Amino acid sequence: MTADDTFGRLDDDGYPAYTMGRAAEMLGTTQGFLRAIGEARLITPLRSAGGHRRYSRYQLRIAARARELVDQGTPIEAACRIVALEDQLEEAQRINAEHRRAAQSSNPAAVA
């Protein structure tokens with residue numbers, strides 16, 4: 001892998017670029033919080049060859065949303081479930097929009 005490949009991957013939302021310590025620092029939380037949401041299976045960090053957790057920007061956004069809910073008094077298990085459902089809803093809406101666009105492009109006379 002060249003340096004250009006590495007820098008290009010940093011733009012990838014799914015690239016596990018952040019260590020647990022850096023992720024916790026960026027979120028203003030503890031490593032224990034990241035472990036807890038991992039145990040609740042909200043996010044599953046990738047592991048380095050040495051077994052260290054690595055987080056992507058996408059996972060950090062998910063963790064940040066869970067932290068917002070926990071900071072508002074929501075139990076961590078409930079916060080993880082809420083965030084998972086929000087994520088599933090967002091994905092379903094994205095897929096529906098794609099299907100609508102595909103249907104409209106194949107039949108321009110159709111009304112949405």
Side-chain angles (χ1 to χ4, degrees):
M1 178 183 318
T2 66
D4 288 339
D5 293 339
T6 301
F7 290 127
R9 294 178 84 187
L10 293 176
D11 289 335
D12 179 358
D13 253 6
Y15 181 66
Y18 303 98
T19 64
M20 177 181 269
R22 181 68 179 127
E25 180 183 312
M26 290 171 66
L27 296 172
T29 191
T30 64
Q31 293 181 16
F33 176 80
L34 292 172
R35 281 188 209 94
I37 63 174
E39 289 169 11
R41 294 195 167 106
L42 177 61
I43 58 175
T44 304
L46 289 166
R47 298 283 183 147
S48 69
H52 299 281
R53 291 172 179 90
R54 297 284 189 257
Y55 297 88
S56 68
R57 288 188 307 188
Y58 171 75
Q59 289 173 323
L60 294 182
R61 283 195 303 275
I62 295 291
R65 176 65 179 130
R67 180 166 181 247
E68 285 176 21
L69 292 169
V70 169
D71 287 350
Q72 294 170 5
T74 305
I76 196 162
E77 297 82 12
C80 289
R81 184 69 180 139
I82 289 167
V83 172
L85 290 170
E86 288 174 343
D87 195 47
Q88 289 171 6
L89 176 60
E90 184 179 320
E91 177 67 8
Q93 289 172 332
R94 185 191 61 75
I95 291 168
N96 284 341
E98 286 177 13
H99 287 297
R100 248 184 258 112
R101 281 191 297 276
Q104 289 173 348
S105 66
S106 66
N107 186 4
V111 179

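Here the structure is a predicted model, which is why all the values come from computation and not from measurement.
If you chain together hydrophobic residues whose side chains sit under 4.5 Å apart, Y18 and L46 never meet in one group.
Using a 4.5 Å heavy-atom threshold, the side chains of R54 and Y15 count as separate. Looking only at side-chain heavy atoms (C-beta outward), R53 and R35 come within less than 4.5 Å of each other. I37 has its side chain out of reach of V83: every pair of non-hydrogen atoms, C-beta onward, lies at least 4.5 Å apart.
The two residues M20 and L34 come nearest to each other via the heavy atoms O-CD1, 3.7 Å. Smallest separation of non-hydrogen atoms from R61 and D13: NH2-OD2, 2.5 Å. Taking every heavy atom of both residues into account, F33 and A63 meet most closely at CE2-O, 3.8 Å. A pairwise comparison of heavy atoms in L27 and L60 identifies CD2-O, 3.5 Å as the closest pair. Closest of all the heavy-atom pairs between A102 and S105 is O-OG, 3.0 Å. Here the closest heavy-atom approach between residue A66 and residue A79 is recorded as O-CB, 4.0 Å.
No donor-acceptor distance shorter than 3.5 angstrom exists from the side chain of R67 to the backbone of T29, with no hydrogens or angles considered. Judged purely by atom type and a 3.5 angstrom limit, S48 uses its side chain to pair as donor or acceptor with the backbone of H52.
The environment of R41 atom CZ is sparse: at most 12 non-hydrogen atoms of other residues, nucleotides or ligands sit within 6.0 angstrom.
Separating the CG atom in L42 from the CD atom in E77 is a distance of 11.5 Å, to the nearest 0.5 Å.
Put simply, the residue from R94, Q93, Q88 that forms a side chain to side chain donor-acceptor pair (under 3.5 Å) with E91 is R94.
Classification of D87 and R65 as a salt-bridged pair fails, no side-chain N sitting under 4.0 Å from a carboxylate O.
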